[in-house]
Amino acid sequence: MGFISTARVKSPWIMHFETGSCNGCAIEVFAALTPVYDLERFGILNTGNPKHADIMLVTGCVSFRAGRVLRNLYHQMPGPKAVVAIGVCALTGGIFHDCYNLAPGVDKVIPVDVYVPGCAARPEAIIAGTVMALDRLAGKAGPPNIAPGEPRRGLEEGRVVEIAPGNSDK
Amino acid sequence: MPGRTVIPFGPQHPVFPEPLQLRLTMEEERVIDAVPALGYMHRGIEQLAQTKDYAQNVFLMERVCGICSFMHALCYCQSVESLLGIEAPPRARFMRTIQAELGRLQSHYLWLGLVADACGFESLFMQAWRNREMIMDCQEAVSGSRVTISTCAIGGCRRDWDDGVLQELTRRLDDVERSMDAIAPVFFEDPLVKQRTVGAGIITKQEATLLGAVGPVARASGIVEDMRRLGYAAYDELDFKPVVETSCDSYARMIVRLRETFQAINLIRQALKKMPAGEVLNKWKGTPEGEAISRVEQPRGELMYYIRSNGGKNPERLRIRTPTLSNIPSLVKMLKGSRLSDVPVIALSIDSCISCTER
């Protein structure tokens, strides 16, 4: 590995985006960054700017309006990039699966590398998930997961599925 | 006349943990108008609640908001209890009070950390969240979970606490209070925090009344209003006065919340002393009919649940009125005329909870 790719794995910057769950996982992401759990000891820094970020932590079931923002943010991140879906809502929609305003699962909208289950996911699990996402930055991971059953259009690397009410699997 | 520009503040912004957009119309550095754009977190919980039965809805209501999850479950359970015509046993009412105050403590500490971060005071943010973890440990000691604790049930509380839990809670409360004593003077007196908050986002008592402000926003403008005085759970047996400040700015709102954390510790201690023995869960049967309203004081203000039933298995209609929605008109008023650099602190000062508001 070259110098830049080595450095990237040693100090990845994360960005957190909440797409419409109960907030429980969002505050656990903050808790993971603060002194008791201290995600920053891995050289990880929280940033608000997608153009500086290497790993995106997504919490929550994806409401249609937030899904468009999520897709924009994903496109603004420079590669190589990793996405960690946190909480059962981000995995499958969880308790909100039958709600009318959401795509059940982040992988319906953008490719996902690591899934962290839990309601709410504990900070220890979030740290483990973030560390697993480093494989993607090191170039050791396989292709990211995209939801099955979606139309083939837009499923290639770097492109994502159009999010619209008629396109979800309900 | 200088030209006007529109700056979109959010939906993804470092000071907001949740997506909220404020479209700010600027004239140079001054905010002329602010238009909040909601709907990023809307899931449709009220509609989903109509398809689940009363006991299942407790878990759904907890997930309206992860920060004040216990309050939502409490308010929902109270409204169903009044619909059924039953009451929680005395011990359960005290347990509910203790958990509600623990929730208020952690919510206020979460906010204090965020406002320190918005002021640019990184180490204070970290210290506030270190203290919050001690409160989370208390919450975990009594319920076994950190965020959505699922201890409230229709007719009381799900599980009783033994003496070991109560002793552990009493012991940990001393540690929490000691750590709070260490950090509170920084919020009260630090020149950096004061420079960012004093005089920022002023809303007078009259304006706050007209715009329907609730909770700490109203109390920081001198309005004596606290739903806990209704005497739900065990609050009628505890001794407390609403915390009121009169300087109407972001600093006052911070001080109200800071003083409420000490009040919460005091209330938990009182409740632990007066807690009676006995049952914690009243059994109930059947399907209720009619309509009921319940109000509780959330960390952010007044929360109201309206429930209507036609005797079926599921509620016919469930309506939630959350405090942040009442405070957004006040936020728009506060932002007008402020500088762009003050917008993060002012926008945080109402302690907006978007996942409650949009559901």
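Quick note on labels: first sequence line is chain A, next is B, and so on, each numbered from 1. Just so we're clear, the structure is a prediction, and the values are computed from it rather than from any experiment.
- Interatomic distance, CG of A:Asp38 versus CE of B:Met126, reported as 7.5 Å (0.5 Å rounding).
- The distance from the OG atom of B:Ser355 to the CG atom of A:Asn23 is 4.0 Å, given to the nearest 0.5 Å.
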Given side-chain contact (heavy atoms from CB on, under 4.5 Å), test A:Cys61 with B:Arg43 step by step and report yes or no. CA-CA 8 Å; A:Cys61 49; B:Arg43 288 151 275 169; 4.0 Å; yes

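- A heavy-atom distance below 4.5 Å is not found between the side chains of B:Tyr40 and A:Glu18.
- Remark: B:Phe125 CZ to A:Phe30 CZ distance equals 6.0 Å, nearest 0.5 Å.
- Taking CD1 of B:Ile45 as the start and CZ of A:Phe96 as the end, the distance is 4.0 Å to the nearest 0.5 Å.
- Counting non-hydrogen atoms of other residues, nucleotides and ligands closer than 6.0 Å to CZ of B:Arg159 gives a total of 12 or fewer.
- Interface remark: B:Glu140 contributes side-chain atoms only to the contact with chain A (heavy atom separation under 4.5 Å).
- For residues 40-58 of chain A, heavy-atom neighbours of chain B at less than 4.5 Å comprise A:Glu40, A:Gly48, A:Pro50, sorted by residue number.
- The CD1 atom of A:Ile27 sits 7.5 Å away from the SG atom of B:Cys65 when rounded to the nearest 0.5 Å.
- Only the side chain of A:Leu73 comes within less than 4.5 Å of a heavy atom in chain B; its backbone stays farther off.
- Atom CD of B:Gln127 is separated from atom OG1 of A:Thr34 by 11.0 Å, given to the nearest 0.5 angstrom.
- Across B:Ile67, B:Ile354, B:Leu114, the residue that shares the most heavy-atom pairs under 4.5 angstrom with chain A is B:Ile67.
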I'd like a table of donor-acceptor pairs (distance under 3.5 Å, sequence neighbours excluded) in which one partner is a side-chain atom from residues 115-123 of chain B, with atom names and distances.
none

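- Between chain B and the options A:Gly24, A:Ala66, A:Pro35, heavy-atom pairs under 4.5 Å are most frequent for A:Pro35.
- Closest approach of B:Gly44 to A:Cys99, counting heavy atoms only: O-SG, 3.9 Å.
- Annotation: residues 117-128 of chain A contacts chain B through A:Cys119, A:Ala120, A:Arg122, A:Pro123 [non-hydrogen atoms, separation under 4.5 Å].
- There is no contact between B:Cys356 and chain A, counting heavy-atom distances below 4.5 Å.
- Proximity to chain A involves both the backbone and the side chain of B:Leu60, based on heavy atoms less than 4.5 angstrom apart.
- Contacts between A:Thr19 and chain B at a heavy-atom distance below 4.5 Å involve the backbone alone (N, CA, C, O).
- The two atoms that bring A:Cys22 and B:Arg63 nearest to each other are CB-O, 3.0 Å, heavy atoms only.
- Within residues 141-153 of chain B, the residues approaching chain A closer than 4.5 Å by heavy atoms are, in numerical order, B:Arg146, B:Val147, B:Thr148.
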